[in-house]
Number of protein chains: 2
Amino acid sequence: MKVTLKEIARRAGVTANTVSRALNNRGGISEATQKRILQIAREMNYIPDRIASSLRSKKSNLVGVMVPDISNPYYADIIRGIEDGAFENGFQILLSISQEDQTREWNIIDQFRSLRVEGVLLMPSYESRELIQTIADLSIPCVLINRRYMGYEIPFVMPDNVNGIRQAVSHLVGKGHERIGFLNGHPGSMTSQIRYNAFTESIRESGLELAQCPSVMCAGSYASACEKTKELIQNHSSLTAIMCFSDLLAFGAYKAIRENDLSIPDDIAVVGFDDIELSTIVSPPLTTVQIPRYNMGRAAMKQLLKSMNKESSLSSGEYMETKLIVRNST
Amino acid sequence: MKVTLKEIARRAGVTANTVSRALNNRGGISEATQKRILQIAREMNYIPDRIASSLRSKKSNLVGVMVPDISNPYYADIIRGIEDGAFENGFQILLSISQEDQTREWNIIDQFRSLRVEGVLLMPSYESRELIQTIADLSIPCVLINRRYMGYEIPFVMPDNVNGIRQAVSHLVGKGHERIGFLNGHPGSMTSQIRYNAFTESIRESGLELAQCPSVMCAGSYASACEKTKELIQNHSSLTAIMCFSDLLAFGAYKAIRENDLSIPDDIAVVGFDDIELSTIVSPPLTTVQIPRYNMGRAAMKQLLKSMNKESSLSSGEYMETKLIVRNST
DNA sequence: TTGTATGCGTTATCAG
DNA sequence: CTGATAACGCATACAA
């Protein structure tokens with residue numbers, strides 16, 4: 001049978017109310033009785049019923065986390081950061097996978113609301129403005145990760161893409177490269193645009209000729225990266241380096257370069273973005289821009305807690321510093 | 001303000017009860033009123049309060065899923081299967097990451113109980129017998145994934161490791177290999193034992209001499225695999241093939257083989273286990289034993305639903321069929 | 001077909 | 001310091 005406050009109260013010869021105060025350490029109780037009650041609760045293997053507790057107190061201690069794809073180690077690390085942050089603050093996360101599917105996203109938000117989450121951490125898909133608008137209208141505390149939406153006063157945490165690209169380009173330029181290609185990601189993604197702009201800007205800053213630094217977009221998959229890289233190097237045989245939107249795409253580039261009987265880094269140097277574990281495993285190990293994923297998760301949770309406590313009514317954004325990791329592909 | 005049944009009832013000129021029946025399509029109501037109520041509910045943007053509903057109905061529609069590590073794409077696919085299965089049956093999953101940490105595991109179980117999950121899907125760490133015992137004692141419907149515990153009547157879903165290894169060994173033998181090494185995983189893991197036994201058994205079945213087929217264990221990481229493979233090929237220079245516990249370890253073996261200036265597959269063939277995405281990306285693409293991860297997740301969910309409906313009081317186990325994927329490493 | 005009364009397990013607000 | 005009482009939002013049983 002289920003152990004309830006009432007049961008414990010009966011055994012302890014007090015009322016449920018007193019037991020509740022003892023267990024929640026809410027004071028207004030003598031140390032002796034509290035100790036006795038705690039003892040009895042332990043003996044009876046009591047587990048508080050958070051369903052009931054939430055209903056009455058209107059505090060669920062739940063935070064909703066919506067992530068597009070769990071297979072991607074990129075998100076996995078962020079989630080770990082979020083979880084640790086939540087745990088330390090007595091919150092539990094409700095993790096839901098949207099698979100970049102808008103219908104699913106709406107479902108997930110409804111479920112979050114239905115379970116009375118106290119806040120949400122979102123990594124929304126490309127076009128989720130309406131969703132974000134709804135969240136805002138409902139005034140559910142919210143922090144965006146990886147993306148920001150201009151025109152909305154919603155806090156966000158994302159990598160400093162611009163500086164990351166700049167670090168990579170500077171490195172290549174420092175190595176003497178003057179003809180650098182850019183293998184970009186999915187056309188619809190905001191991040192693609194940001195990184196592309198950062199790339200052209202960095203090229204300009206370095207005094208290189210943009211005309212010598214062509215770029216292509218690919219669908220975002222390994223296979224598409226390989227295909228597009230082939231086009232890139234066949235159309236621009238003078239390229240000596242390729243900057244990639246992500247590590248995964250860099251691996252596609254690896255394949256393309258190899259299949260053209262060129263070598264890395266001697267014929268073409270390659271730089272990735274993300275620093276996933278795999279980057280140390282491939283050969284040659286990939287030079288890449290590291291994103292502090294775990295810390296991004298923690299930072300997001302921290303911001304959310306602030307929002308929830310209404311500490312800052314002003315929306316605040318945070319750009320996380322990237323770091324260039326030099327390995328043997330450059 | 002929060003929209004409740006009562007609010008809707010007031011607007012519709014009925015009682016909360018009637019609204020409840022309308023929304024839950026529970027019958028005993030005229031089509032006209034139901035329609036009207038649904039309409040009003042939609043207009044008011046009503047979201048059912050599952051906290052309250054659970055408390056009263058004693059049905060949370062929640063299933064707890066405990067997974068050791070979310071970074072591992074192996075688990076990610078299983079989780080997708082679970083989620084899809086849950087979704088189709090009106091359940092939501094509560095996903096928690098144990099990080100193979102026992103304390104955390106206990107915490108997670110307590111949280112599951114606290115939120116009144118109706119069942120749990122567990123991928124427990126090496127030594128969690130006590131935990132499993134507790135679950136059993138509480139008679140919480142439960143299905144284990146990847147592991148089974150002898151002596152407990154708990155349903156499980158796991159890959160057919162024995163046949164998987166057999167498929168791989170047969171393949172190698174068919175290619176003419178007679179000296180096959182086995183790079184095993186973490187010593188404490190049950191799966192390591194199973195696969196090791198399956199390996200020696202397969203070698204015997206194939207008529208090969210076990211003495212020519214040495215095996216080593218490694219800590220389970222990429223680096224440890226590399227190190228142990230070096231030892232293996234240095235101590236047994238006649239080896240022409242290595243069967244690996246997992247794809248990740250196979251990549252460690254790749255590195256070791258390369259650093260010994262040997263080539264894959266000409267000098268040494270390599271077979272992995274799991275078929276993670278990466279296997280197609282490395283070069284040469286890895287021959288490996290595919291585990292139907294997504295379907296394992298679905299199967300586990302299916303079993304759990306059965307347990308929850310008490311359809312089968314008998315514990316049932318399920319071994320999922322593996323499939324050899326031949327690529328260029330053999 | 002609909003309404004009324006009751007309780008799920010807990011916490012909040014009083015009063016004692 | 002402790003107890004009595006009500007309320008959270010919903011679903012169940014029964015009455016009308």
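For the numbers below, each heavy atom of this structure counts, side chains included, while hydrogens, waters and symmetry mates do not. Since we're looking at a predicted model, the values are computed, not measured. Below, chains carry the letters A, B, ... as their sequence lines are ordered, and counting in each starts from 1.
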Tell me yes or no: between the side chains of B:Arg36 and B:Gln39, is some donor less than 3.5 Å from an acceptor?
-> no
Is it the case that A:Gln133 and A:Asp137 place a side-chain donor and acceptor less than 3.5 Å from each other?
-> yes
In residues 18-30 of chain A, what residues come within less than 4.0 Å of DNA chain D, judged by heavy atoms?
-> A:Thr18, A:Arg21, A:Gly28, A:Ile29, A:Ser30
Under 4.0 angstrom, heavy atoms only, what part of the nucleic acid is B:Thr4 near: base, sugar-phosphate, or nothing?
-> sugar-phosphate
State whether a side-chain donor-acceptor pair under 3.5 Å links A:Ser20 with A:Arg26.
-> yes
May I ask you to verify if any side-chain N or O of B:Tyr46 is less than 4.0 angstrom from the OP1 or OP2 atom of D:dG9?
-> no
Figure out the CG/P separation between A:Leu5 and D:dT2, and round it to whole Å.
-> 16 Å
Provide, to the nearest angstrom, the distance between the CZ atom belonging to A:Arg10 and the C1' atom belonging to D:dG3.
-> 18 Å
Contacting residues from residues 51-60 of chain A, given that a heavy atom lies under 4.0 angstrom of DNA chain D | A:Leu55, A:Arg56, A:Lys58
If we ignore angles and hydrogens, is there a donor and acceptor under 3.5 Å between the side chains of A:Ser96 and A:Gln111?
-> no
A:Ser128 and A:Gln102 side chains, donor-acceptor separation under 3.5 Å = no
Position toward the 5' end of DNA chain C (nearest nucleotide), A:Asp49 or B:Thr33 | B:Thr33
DNA chain C: first to last nucleotide in contact with chain A (atom under 4.0 angstrom from a heavy atom), 5' to 3', is C:dG9 to C:dT13
Between A:Lys35 (NZ) and D:dC1 (C1'), how many Å, whole number?
-> 18 Å
Nearest 0.5 Å please: distance from the CD1 atom of B:Ile132 over to the CG atom of B:Leu144.
-> 5.0 Å
Is it the case that more than 12 heavy atoms not belonging to B:Glu277 sit under 6.0 Å from its CD atom?
-> no
Going by atom types alone, do A:Tyr319 and A:Arg148 pair a side-chain donor with an acceptor below 3.5 Å?
-> yes
Would you tell me whether A:Asp69 and A:Tyr74 have side-chain atoms, one donor and one acceptor, within less than 3.5 Å of each other?
-> no
Decide if atom CZ of B:Arg11 counts as having more than 12 heavy atoms of other residues, nucleotides or ligands within a radius under 6.0 Å.
-> no
Residues A:Gln34 and A:Arg21: side-chain donor-acceptor under 3.5 angstrom = no
Reckon B:Asn17 touches a base, only the sugar-phosphate, or nothing at all at heavy-atom distances under 4.0 Å?
-> base
